2 protein chains.
Amino acid sequence: MPKIVDHEQRRRELAEAVWRVIARDGVAEVSMRTVAAEAGWSSGALRHYFSTRDGLLAFACELVIERVTERITALRHTGTPREAVRAILLETMPVDAERRAEASVAFAFVALGLTDAELAEVKRLSFTGMYELCLRLVTEMANIGALAEPHPPLETSARRLHAVVDGLTLHVLAGHLTPAEMTAEFDAYLAELIPDRPAPAPVHP
Amino acid sequence: MPKIVDHEQRRRELAEAVWRVIARDGVAEVSMRTVAAEAGWSSGALRHYFSTRDGLLAFACELVIERVTERITALRHTGTPREAVRAILLETMPVDAERRAEASVAFAFVALGLTDAELAEVKRLSFTGMYELCLRLVTEMANIGALAEPHPPLETSARRLHAVVDGLTLHVLAGHLTPAEMTAEFDAYLAELIPDRPAPAPVHP
DNA sequence: CCTATTCTCGCACAGTCGTGTTATATTCGG
DNA sequence: CCGAATATAACACGACTGTGCGAGAATAGG
(Lines give C-alpha, C1' and ligand atoms only; values in the text may rest on other atoms or scores of the structure.)
Protein backbone atom coordinates (compact mmCIF):
# COMPACT_ATOMS: atom_id res chain seq x y z
CA MET A 1 0.00 0.00 0.00
CA PRO A 2 1.01 3.61 -0.16
CA LYS A 3 3.59 5.65 1.61
CA ILE A 4 2.46 6.45 5.11
CA VAL A 5 3.55 9.57 6.98
CA ASP A 6 2.68 10.77 10.43
CA HIS A 7 0.11 13.48 9.75
CA GLU A 8 0.26 14.91 13.23
CA GLN A 9 4.04 15.13 13.10
CA ARG A 10 3.90 16.89 9.73
CA ARG A 11 1.37 19.37 11.00
CA ARG A 12 3.66 20.17 13.91
CA GLU A 13 6.55 20.75 11.54
CA LEU A 14 4.42 23.11 9.50
CA ALA A 15 3.31 24.94 12.61
CA GLU A 16 6.93 25.44 13.61
CA ALA A 17 7.59 26.91 10.18
CA VAL A 18 4.73 29.33 10.83
CA TRP A 19 6.38 30.35 14.10
CA ARG A 20 9.67 31.02 12.38
CA VAL A 21 8.02 33.20 9.75
CA ILE A 22 6.08 35.15 12.37
CA ALA A 23 9.14 35.61 14.56
CA ARG A 24 11.29 36.75 11.65
CA ASP A 25 8.94 38.71 9.36
CA GLY A 26 5.72 39.22 11.28
CA VAL A 27 2.33 37.60 10.96
CA ALA A 28 1.50 39.64 7.86
CA GLU A 29 4.08 37.61 5.94
CA VAL A 30 2.41 34.30 6.74
CA SER A 31 0.95 32.80 3.59
CA MET A 32 0.62 29.29 2.25
CA ARG A 33 3.60 29.88 -0.02
CA THR A 34 5.93 31.50 2.50
CA VAL A 35 5.23 28.79 5.07
CA ALA A 36 5.77 26.05 2.51
CA ALA A 37 9.06 27.64 1.48
CA GLU A 38 10.10 28.00 5.13
CA ALA A 39 9.38 24.32 5.71
CA GLY A 40 11.21 23.36 2.54
CA TRP A 41 8.17 21.94 0.76
CA SER A 42 5.92 22.93 -2.09
CA SER A 43 2.67 24.72 -1.48
CA GLY A 44 0.80 21.75 -2.91
CA ALA A 45 2.29 19.46 -0.27
CA LEU A 46 1.29 21.88 2.46
CA ARG A 47 -2.28 21.80 1.26
CA HIS A 48 -2.52 18.10 2.10
CA TYR A 49 -2.27 18.99 5.77
CA PHE A 50 -3.90 22.41 5.88
CA SER A 51 -6.50 23.33 3.31
CA THR A 52 -6.86 26.96 4.37
CA ARG A 53 -4.63 29.65 5.75
CA ASP A 54 -6.91 30.28 8.71
CA GLY A 55 -6.72 26.63 9.68
CA LEU A 56 -2.95 26.78 9.52
CA LEU A 57 -2.82 29.84 11.76
CA ALA A 58 -5.31 28.41 14.21
CA PHE A 59 -3.32 25.19 14.53
CA ALA A 60 -0.10 27.13 15.00
CA CYS A 61 -1.69 29.06 17.86
CA GLU A 62 -3.22 25.97 19.43
CA LEU A 63 0.16 24.28 19.36
CA VAL A 64 1.74 27.23 21.14
CA ILE A 65 -0.81 26.97 23.92
CA GLU A 66 -0.28 23.22 24.11
CA ARG A 67 3.51 23.55 24.30
CA VAL A 68 3.45 26.22 26.98
CA THR A 69 0.91 24.22 28.98
CA GLU A 70 3.06 21.12 28.76
CA ARG A 71 6.16 22.98 29.90
CA ILE A 72 4.29 24.40 32.87
CA THR A 73 2.82 21.07 33.95
CA ALA A 74 6.24 19.45 33.58
CA LEU A 75 7.82 21.99 35.94
CA ARG A 76 8.94 20.58 39.27
CA HIS A 77 8.23 23.10 41.98
CA THR A 78 11.49 23.96 43.65
CA GLY A 79 12.34 26.73 46.06
CA THR A 80 10.00 29.19 47.68
CA PRO A 81 6.35 29.62 46.66
CA ARG A 82 7.28 32.88 44.99
CA GLU A 83 9.97 31.17 42.95
CA ALA A 84 7.48 28.55 41.87
CA VAL A 85 5.00 31.17 40.67
CA ARG A 86 7.81 33.04 38.98
CA ALA A 87 9.02 29.95 37.12
CA ILE A 88 5.51 29.09 35.94
CA LEU A 89 4.59 32.51 34.62
CA LEU A 90 8.00 33.17 33.05
CA GLU A 91 7.28 30.17 30.83
CA THR A 92 4.67 32.33 29.11
CA MET A 93 6.82 35.42 28.74
CA PRO A 94 9.43 36.34 26.11
CA VAL A 95 12.59 35.68 28.12
CA ASP A 96 14.46 34.09 25.22
CA ALA A 97 14.16 33.76 21.45
CA GLU A 98 12.02 30.64 21.58
CA ARG A 99 9.53 32.01 24.08
CA ARG A 100 9.52 35.33 22.29
CA ALA A 101 8.43 33.58 19.11
CA GLU A 102 5.66 31.80 21.01
CA ALA A 103 4.44 35.03 22.56
CA SER A 104 4.55 36.74 19.16
CA VAL A 105 2.29 34.07 17.73
CA ALA A 106 -0.23 34.40 20.53
CA PHE A 107 -0.33 38.19 20.34
CA ALA A 108 -0.50 38.31 16.56
CA PHE A 109 -4.00 36.89 16.72
CA VAL A 110 -5.31 39.78 18.75
CA ALA A 111 -4.22 42.47 16.35
CA LEU A 112 -5.59 40.69 13.31
CA GLY A 113 -9.23 41.09 12.48
CA LEU A 114 -10.11 37.72 13.96
CA THR A 115 -13.22 37.49 11.83
CA ASP A 116 -12.68 33.77 11.51
CA ALA A 117 -14.77 31.88 14.08
CA GLU A 118 -12.17 29.18 14.72
CA LEU A 119 -9.44 31.74 15.35
CA ALA A 120 -11.70 33.67 17.70
CA GLU A 121 -12.36 30.54 19.73
CA VAL A 122 -8.65 29.77 19.97
CA LYS A 123 -8.00 33.32 21.11
CA ARG A 124 -10.72 33.12 23.74
CA LEU A 125 -9.33 29.87 25.11
CA SER A 126 -5.88 31.39 25.24
CA PHE A 127 -6.90 34.32 27.44
CA THR A 128 -9.30 32.46 29.69
CA GLY A 129 -6.73 29.73 30.21
CA MET A 130 -4.13 32.26 31.18
CA TYR A 131 -6.53 33.98 33.57
CA GLU A 132 -7.48 30.70 35.20
CA LEU A 133 -3.82 29.89 35.68
CA CYS A 134 -3.31 33.24 37.43
CA LEU A 135 -6.38 32.66 39.55
CA ARG A 136 -5.19 29.19 40.54
CA LEU A 137 -1.75 30.47 41.49
CA VAL A 138 -3.12 33.35 43.53
CA THR A 139 -5.58 31.04 45.25
CA GLU A 140 -2.85 28.59 46.20
CA MET A 141 -0.70 31.41 47.53
CA ALA A 142 -3.60 32.60 49.64
CA ASN A 143 -4.29 29.09 50.93
CA ILE A 144 -0.75 28.68 52.24
CA GLY A 145 -0.75 32.20 53.62
CA ALA A 146 1.95 33.44 51.28
CA LEU A 147 -0.09 36.30 49.83
CA ALA A 148 0.61 39.77 51.20
CA GLU A 149 -2.03 41.03 53.61
CA PRO A 150 -4.32 42.78 53.20
CA HIS A 151 -5.11 41.81 49.66
CA PRO A 152 -8.08 42.47 47.37
CA PRO A 153 -10.45 39.65 46.31
CA LEU A 154 -8.62 36.79 44.62
CA GLU A 155 -10.30 37.50 41.29
CA THR A 156 -8.92 41.02 41.37
CA SER A 157 -5.43 39.84 42.27
CA ALA A 158 -5.59 37.28 39.47
CA ARG A 159 -6.74 39.79 36.87
CA ARG A 160 -4.08 42.22 37.96
CA LEU A 161 -1.36 39.58 37.78
CA HIS A 162 -2.65 38.61 34.35
CA ALA A 163 -2.54 42.24 33.22
CA VAL A 164 1.01 42.73 34.52
CA VAL A 165 2.23 39.55 32.79
CA ASP A 166 0.63 40.45 29.47
CA GLY A 167 1.56 44.11 29.71
CA LEU A 168 5.23 43.33 30.32
CA THR A 169 5.11 40.74 27.54
CA LEU A 170 3.67 43.31 25.16
CA HIS A 171 6.34 45.82 26.05
CA VAL A 172 9.10 43.35 25.26
CA LEU A 173 7.48 42.32 21.98
CA ALA A 174 7.21 45.98 21.04
CA GLY A 175 10.89 46.52 21.77
CA HIS A 176 10.09 48.93 24.59
CA LEU A 177 11.62 46.78 27.31
CA THR A 178 14.48 44.28 27.18
CA PRO A 179 13.83 40.78 28.52
CA ALA A 180 16.10 41.60 31.45
CA GLU A 181 14.11 44.73 32.32
CA MET A 182 10.90 42.75 32.03
CA THR A 183 12.16 40.07 34.38
CA ALA A 184 13.36 42.67 36.89
CA GLU A 185 9.97 44.41 36.91
CA PHE A 186 8.18 41.11 37.20
CA ASP A 187 10.36 40.07 40.14
CA ALA A 188 9.68 43.38 41.88
CA TYR A 189 5.95 42.87 41.45
CA LEU A 190 6.03 39.29 42.72
CA ALA A 191 8.11 40.36 45.72
CA GLU A 192 5.29 42.66 46.77
CA LEU A 193 2.53 40.19 45.95
CA ILE A 194 4.23 37.29 47.75
CA PRO A 195 6.49 38.82 50.40
CA ASP A 196 9.35 37.04 52.15
CA ARG A 197 8.31 35.34 55.33
CA PRO A 198 8.72 31.96 57.03
CA ALA A 199 6.49 29.79 54.89
CA PRO A 200 3.66 28.33 57.02
CA ALA A 201 3.33 25.33 54.71
CA PRO A 202 5.30 23.61 51.96
CA VAL A 203 4.58 24.70 48.41
CA HIS A 204 3.52 21.24 47.28
CA PRO A 205 -0.24 21.04 47.78
CA MET B 1 -5.17 79.38 -10.39
CA PRO B 2 -6.26 75.93 -9.45
CA LYS B 3 -8.60 74.50 -6.94
CA ILE B 4 -7.05 74.59 -3.50
CA VAL B 5 -7.93 72.14 -0.77
CA ASP B 6 -6.65 71.91 2.76
CA HIS B 7 -4.12 69.10 2.53
CA GLU B 8 -3.80 68.63 6.26
CA GLN B 9 -7.55 68.45 6.66
CA ARG B 10 -7.80 65.88 3.87
CA ARG B 11 -5.07 63.79 5.43
CA ARG B 12 -6.96 63.82 8.69
CA GLU B 13 -10.11 62.66 6.95
CA LEU B 14 -8.19 59.83 5.35
CA ALA B 15 -6.66 58.86 8.67
CA GLU B 16 -10.12 58.68 10.21
CA ALA B 17 -11.17 56.40 7.39
CA VAL B 18 -8.20 54.19 8.29
CA TRP B 19 -9.39 54.08 11.89
CA ARG B 20 -12.87 53.02 10.83
CA VAL B 21 -11.50 50.21 8.68
CA ILE B 22 -9.21 48.98 11.45
CA ALA B 23 -11.95 49.14 14.06
CA ARG B 24 -14.44 47.32 11.84
CA ASP B 25 -12.36 44.79 9.86
CA GLY B 26 -8.91 44.78 11.43
CA VAL B 27 -5.62 46.20 10.28
CA ALA B 28 -5.14 43.42 7.74
CA GLU B 29 -7.98 44.93 5.70
CA VAL B 30 -6.29 48.32 5.39
CA SER B 31 -5.26 48.93 1.80
CA MET B 32 -5.19 51.94 -0.47
CA ARG B 33 -8.40 50.76 -2.10
CA THR B 34 -10.37 49.91 1.03
CA VAL B 35 -9.43 53.20 2.68
CA ALA B 36 -10.33 55.17 -0.44
CA ALA B 37 -13.69 53.42 -0.58
CA GLU B 38 -14.27 54.04 3.14
CA ALA B 39 -13.55 57.73 2.63
CA GLY B 40 -15.76 57.85 -0.46
CA TRP B 41 -12.98 58.74 -2.89
CA SER B 42 -11.12 57.01 -5.64
CA SER B 43 -7.81 55.39 -4.97
CA GLY B 44 -6.17 57.83 -7.34
CA ALA B 45 -7.36 60.74 -5.23
CA LEU B 46 -5.98 59.10 -2.12
CA ARG B 47 -2.58 58.82 -3.72
CA HIS B 48 -2.32 62.61 -3.91
CA TYR B 49 -2.10 62.73 -0.12
CA PHE B 50 -0.39 59.42 0.66
CA SER B 51 1.91 57.87 -1.89
CA THR B 52 2.47 54.65 0.02
CA ARG B 53 0.49 52.43 2.31
CA ASP B 54 3.12 52.56 5.03
CA GLY B 55 2.97 56.35 5.04
CA LEU B 56 -0.78 56.19 5.39
CA LEU B 57 -0.58 53.83 8.35
CA ALA B 58 2.17 55.82 10.01
CA PHE B 59 0.16 59.04 9.72
CA ALA B 60 -2.93 57.32 11.10
CA CYS B 61 -0.96 56.19 14.12
CA GLU B 62 0.70 59.57 14.63
CA LEU B 63 -2.69 61.22 14.55
CA VAL B 64 -3.98 58.86 17.24
CA ILE B 65 -1.08 59.83 19.49
CA GLU B 66 -1.69 63.49 18.77
CA ARG B 67 -5.40 63.27 19.53
CA VAL B 68 -4.93 61.40 22.78
CA THR B 69 -2.21 63.80 23.83
CA GLU B 70 -4.44 66.78 23.09
CA ARG B 71 -7.31 65.32 25.08
CA ILE B 72 -5.03 64.71 28.04
CA THR B 73 -3.51 68.19 28.01
CA ALA B 74 -6.99 69.69 27.67
CA LEU B 75 -8.18 67.91 30.82
CA ARG B 76 -8.88 70.13 33.79
CA HIS B 77 -7.79 68.41 36.96
CA THR B 78 -10.79 68.07 39.21
CA GLY B 79 -11.23 66.06 42.36
CA THR B 80 -8.62 64.07 44.22
CA PRO B 81 -5.13 63.33 42.89
CA ARG B 82 -6.19 59.77 42.25
CA GLU B 83 -9.18 60.94 40.21
CA ALA B 84 -6.88 63.14 38.15
CA VAL B 85 -4.54 60.25 37.38
CA ARG B 86 -7.51 58.05 36.64
CA ALA B 87 -9.02 60.56 34.20
CA ILE B 88 -5.72 61.02 32.38
CA LEU B 89 -4.92 57.36 31.90
CA LEU B 90 -8.48 56.38 31.02
CA GLU B 91 -8.13 58.67 28.01
CA THR B 92 -5.73 56.10 26.59
CA MET B 93 -7.86 53.04 27.36
CA PRO B 94 -10.78 51.51 25.43
CA VAL B 95 -13.64 52.73 27.60
CA ASP B 96 -15.91 53.54 24.65
CA ALA B 97 -16.11 52.86 20.92
CA GLU B 98 -14.03 55.86 19.93
CA ARG B 99 -11.21 55.14 22.34
CA ARG B 100 -11.39 51.47 21.51
CA ALA B 101 -10.75 52.31 17.86
CA GLU B 102 -7.79 54.48 18.83
CA ALA B 103 -6.31 51.76 21.01
CA SER B 104 -6.84 49.21 18.23
CA VAL B 105 -4.84 51.37 15.86
CA ALA B 106 -1.96 51.75 18.29
CA PHE B 107 -1.82 48.04 19.09
CA ALA B 108 -2.15 46.93 15.50
CA PHE B 109 1.32 48.26 14.80
CA VAL B 110 2.93 45.99 17.35
CA ALA B 111 1.60 42.77 15.89
CA LEU B 112 2.49 43.67 12.32
CA GLY B 113 6.01 43.07 11.20
CA LEU B 114 6.97 46.69 11.63
CA THR B 115 9.80 46.29 9.18
CA ASP B 116 9.20 49.79 7.93
CA ALA B 117 11.56 52.26 9.62
CA GLU B 118 9.03 55.08 9.83
CA LEU B 119 6.45 52.82 11.45
CA ALA B 120 9.03 51.54 13.90
CA GLU B 121 9.88 55.08 14.96
CA VAL B 122 6.21 55.95 15.46
CA LYS B 123 5.79 52.83 17.55
CA ARG B 124 8.82 53.66 19.67
CA LEU B 125 7.56 57.19 20.31
CA SER B 126 4.18 55.80 21.28
CA PHE B 127 5.54 53.55 23.99
CA THR B 128 8.18 55.88 25.35
CA GLY B 129 5.65 58.72 25.46
CA MET B 130 3.25 56.56 27.40
CA TYR B 131 5.98 55.49 29.82
CA GLU B 132 7.08 59.06 30.39
CA LEU B 133 3.49 60.03 31.12
CA CYS B 134 3.28 57.28 33.73
CA LEU B 135 6.61 58.33 35.22
CA ARG B 136 5.49 61.95 35.41
CA LEU B 137 2.22 61.03 37.10
CA VAL B 138 3.91 58.77 39.62
CA THR B 139 6.54 61.41 40.36
CA GLU B 140 3.91 64.07 40.97
CA MET B 141 2.01 61.75 43.27
CA ALA B 142 5.19 61.09 45.21
CA ASN B 143 5.96 64.80 45.42
CA ILE B 144 2.62 65.61 47.02
CA GLY B 145 2.87 62.57 49.28
CA ALA B 146 -0.08 60.79 47.72
CA LEU B 147 1.81 57.63 46.84
CA ALA B 148 1.37 54.64 49.14
CA GLU B 149 4.33 54.02 51.41
CA PRO B 150 6.59 52.17 51.21
CA HIS B 151 6.87 52.18 47.44
CA PRO B 152 9.51 50.88 45.02
CA PRO B 153 11.67 53.28 42.99
CA LEU B 154 9.58 55.63 40.85
CA GLU B 155 10.83 54.06 37.62
CA THR B 156 9.54 50.70 38.82
CA SER B 157 6.18 52.13 39.83
CA ALA B 158 5.91 53.86 36.46
CA ARG B 159 6.75 50.75 34.48
CA ARG B 160 4.30 48.72 36.52
CA LEU B 161 1.54 51.28 36.01
CA HIS B 162 2.33 51.29 32.31
CA ALA B 163 2.14 47.49 32.19
CA VAL B 164 -1.19 47.43 34.03
CA VAL B 165 -2.69 50.04 31.71
CA ASP B 166 -1.53 48.28 28.55
CA GLY B 167 -2.35 44.83 29.88
CA LEU B 168 -5.90 45.81 30.74
CA THR B 169 -6.22 47.57 27.39
CA LEU B 170 -5.07 44.45 25.59
CA HIS B 171 -7.56 42.31 27.46
CA VAL B 172 -10.44 44.54 26.42
CA LEU B 173 -9.29 44.63 22.81
CA ALA B 174 -9.08 40.84 22.84
CA GLY B 175 -12.62 40.59 24.18
CA HIS B 176 -11.40 38.98 27.39
CA LEU B 177 -12.59 41.81 29.63
CA THR B 178 -15.48 44.22 29.23
CA PRO B 179 -14.73 47.95 29.48
CA ALA B 180 -16.58 47.97 32.80
CA GLU B 181 -14.43 45.15 34.19
CA MET B 182 -11.32 46.92 32.96
CA THR B 183 -12.31 50.15 34.68
CA ALA B 184 -13.11 48.32 37.91
CA GLU B 185 -9.73 46.58 37.95
CA PHE B 186 -7.97 49.81 37.11
CA ASP B 187 -9.76 51.62 39.93
CA ALA B 188 -8.81 48.89 42.37
CA TYR B 189 -5.17 49.19 41.35
CA LEU B 190 -5.15 52.98 41.63
CA ALA B 191 -6.79 52.77 45.03
CA GLU B 192 -3.80 50.77 46.28
CA LEU B 193 -1.23 52.90 44.48
CA ILE B 194 -2.73 56.20 45.68
CA PRO B 195 -4.59 55.43 48.91
CA ASP B 196 -7.21 57.64 50.49
CA ARG B 197 -5.80 60.11 52.97
CA PRO B 198 -6.09 63.79 53.81
CA ALA B 199 -4.18 65.31 50.93
CA PRO B 200 -1.10 67.18 52.23
CA ALA B 201 -1.15 69.47 49.20
CA PRO B 202 -3.52 70.49 46.42
CA VAL B 203 -3.27 68.56 43.17
CA HIS B 204 -2.37 71.59 41.09
CA PRO B 205 1.44 71.77 41.08
C1' DC C 1 6.86 -7.19 -10.82
C1' DC C 2 2.25 -5.09 -10.48
C1' DT C 3 -1.20 -2.25 -8.72
C1' DA C 4 -3.59 0.46 -5.59
C1' DT C 5 -3.14 4.12 -2.55
C1' DT C 6 -0.99 7.99 -0.63
C1' DC C 7 2.00 11.76 -1.03
C1' DT C 8 4.10 15.53 -3.60
C1' DC C 9 4.57 18.81 -6.99
C1' DG C 10 3.62 22.53 -10.18
C1' DC C 11 0.51 25.05 -12.66
C1' DA C 12 -4.03 27.71 -13.47
C1' DC C 13 -7.53 30.61 -11.95
C1' DA C 14 -9.63 34.66 -10.19
C1' DG C 15 -8.94 38.12 -7.08
C1' DT C 16 -6.35 41.87 -4.65
C1' DC C 17 -2.39 44.21 -3.64
C1' DG C 18 0.80 48.56 -4.24
C1' DT C 19 2.19 51.54 -7.43
C1' DG C 20 2.79 53.96 -11.77
C1' DT C 21 1.04 56.70 -15.78
C1' DT C 22 -2.18 59.12 -18.33
C1' DA C 23 -6.25 61.70 -19.08
C1' DT C 24 -10.14 64.47 -17.55
C1' DA C 25 -12.47 67.95 -14.18
C1' DT C 26 -12.26 71.79 -11.62
C1' DT C 27 -10.85 76.15 -10.29
C1' DC C 28 -8.76 80.88 -10.13
C1' DG C 29 -5.71 84.88 -11.78
C1' DG C 30 -5.37 87.39 -15.80
C1' DC D 1 -12.98 83.87 -21.61
C1' DC D 2 -8.60 81.39 -21.13
C1' DG D 3 -4.88 79.05 -19.88
C1' DA D 4 -2.21 77.46 -15.96
C1' DA D 5 -2.10 74.86 -12.00
C1' DT D 6 -4.12 71.46 -9.22
C1' DA D 7 -7.47 67.65 -7.95
C1' DT D 8 -9.60 63.65 -9.25
C1' DA D 9 -10.38 59.73 -11.96
C1' DA D 10 -9.36 55.67 -14.58
C1' DC D 11 -6.70 52.23 -16.13
C1' DA D 12 -2.30 49.16 -16.70
C1' DC D 13 1.23 46.49 -14.82
C1' DG D 14 3.56 43.02 -12.27
C1' DA D 15 3.51 40.61 -8.06
C1' DC D 16 1.22 38.25 -4.67
C1' DT D 17 -2.78 35.96 -2.56
C1' DG D 18 -5.83 31.58 -1.41
C1' DT D 19 -7.46 27.85 -3.49
C1' DG D 20 -8.49 24.31 -6.76
C1' DC D 21 -6.87 20.52 -10.10
C1' DG D 22 -4.37 17.03 -12.40
C1' DA D 23 -0.15 14.72 -13.34
C1' DG D 24 3.59 12.08 -11.51
C1' DA D 25 6.55 10.01 -7.63
C1' DA D 26 6.89 6.94 -3.92
C1' DT D 27 5.63 2.96 -1.32
C1' DA D 28 3.54 -1.43 0.60
C1' DG D 29 0.76 -5.48 -0.10
C1' DG D 30 -0.28 -9.13 -3.50
Side-chain angles (χ1 to χ4, degrees), chain A residues 1-18 21-22 24-61 108-109 111-120, chain B residues 1-18 20-22 24-61 108-109 111-119:
Chain A
M1 295 269 181
K3 174 177 168 184
I4 298 288
V5 305
D6 186 341
H7 271 234
E8 197 58 25
Q9 175 58 27
R10 279 291 162 84
R11 287 166 69 92
R12 287 172 184 271
E13 287 181 28
L14 270 315
E16 288 175 13
V18 173
V21 173
I22 291 182
R24 176 166 21 91
D25 306 317
V27 71
E29 289 302 310
V30 171
S31 75
M32 303 292 263
R33 285 172 176 82
T34 57
V35 171
E38 175 69 31
W41 294 336
S42 74
S43 55
L46 190 153
R47 272 180 61 69
H48 267 256
Y49 303 99
F50 296 100
S51 55
T52 71
R53 176 180 180 264
D54 284 343
L56 176 59
L57 282 172
F59 183 78
C61 189
F109 288 78
L112 293 184
L114 277 313
T115 58
D116 185 77
E118 187 180 5
L119 287 181
Chain B
M1 297 257 181
K3 173 176 170 185
I4 298 287
V5 305
D6 185 341
H7 271 234
E8 197 57 25
Q9 176 58 27
R10 279 293 161 84
R11 288 166 69 91
R12 288 171 184 271
E13 286 180 28
L14 269 317
E16 289 174 13
V18 172
R20 289 197 296 273
V21 173
I22 290 182
R24 176 167 21 92
D25 305 318
V27 72
E29 289 301 310
V30 172
S31 75
M32 303 292 263
R33 287 171 175 83
T34 57
V35 171
E38 176 69 31
W41 293 338
S42 74
S43 53
L46 190 153
R47 271 178 63 66
H48 267 255
Y49 303 98
F50 296 101
S51 55
T52 69
R53 175 179 180 265
D54 285 344
L56 176 60
L57 281 173
F59 183 78
C61 190
F109 288 79
L112 292 184
L114 277 314
T115 58
D116 185 77
E118 188 180 3
L119 287 181

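Below, read A as the first sequence line, B as the second, and so on, with proteins coming before strands; counting in each chain starts at 1. These numbers come from a predicted model, not from an experiment.
Taking CG of A/Leu56 as the reference point, atom CG of A/Leu14 lies at 6.5 Å (rounded to 0.5 Å).
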Name the pairs: protein N/O against N/O of nucleotides 13-17 of chain C, kept only if under 3.5 Å.
residue	atom	partner	partner atom	Å
C/dC17	OP1	B/Ser31	OG	3.1

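Between B/Phe59 and B/Val18 there is no side-chain heavy-atom pair separated by less than 4.5 Å. When side chains are defined from C-beta on, A/Arg10 does not count as touching A/His7, because their heavy atoms never get closer than 4.5 Å.
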Which letter, B, S or -, goes with each nucleotide of nucleotides 20-25 of chain D from 5' to 3', with contact meaning a protein heavy atom under 4.0 Å? B-----
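Nearest heavy atom pair, residue A/Ala45 against residue A/Trp41, reads CB-CB, 4.3 Å. The minimum heavy-atom distance linking A/Met32 with A/Phe50 is given by the pair CE-O, 3.5 Å. Here the closest non-hydrogen pair linking B/Glu38 and B/Ala17 is CG-O, 3.6 Å. When all heavy atoms are compared, the tightest approach of B/Ala60 to B/Ala15 is CA-CB, 4.0 Å. Residue B/Val27 comes nearest to B/Ala108 through the heavy atom pair CB-CB, 3.7 Å, listed as atom of the first residue, atom of the second, then distance. Among all heavy-atom pairs drawn from B/Arg53 and B/Val30, the shortest one is NE-O, 2.9 Å.
Under the 3.5 Å distance criterion, the side-chain polar atoms of A/Ser43 are left unmatched by any main-chain donor or acceptor of A/Ala36. Distance alone, capped at 3.5 Å, is enough to place a donor-acceptor pair between the B/Arg11 side chain and the B/Tyr49 backbone.
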What pattern of brackets, bars and dots sums up DNA chain C from 5' to 3', given Watson-Crick or G-U wobble pairs under 3.5 Å, [ ] for crossing pairs and | for another strand? ||||||.||||||||||||||||||||.||
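Here D/dT19 presents its C1' atom at 12 Å from CG of A/Leu46, a figure rounded to the nearest Å. Look at CH2 on B/Trp41: it is 16 Å from P on C/dT26, rounded to the nearest Å. Rounded to whole Å, the distance from CG on B/Asp54 to C1' on C/dG18 is 10 Å.
At a threshold of 4.0 angstrom between heavy atoms, the contacts of A/Phe50 with the nucleic acid are absent.
When the side-chain nitrogen and oxygen atoms of A/His7 are compared with OP1 and OP2 of C/dT6, none of them lie within a distance under 4.0 Å.
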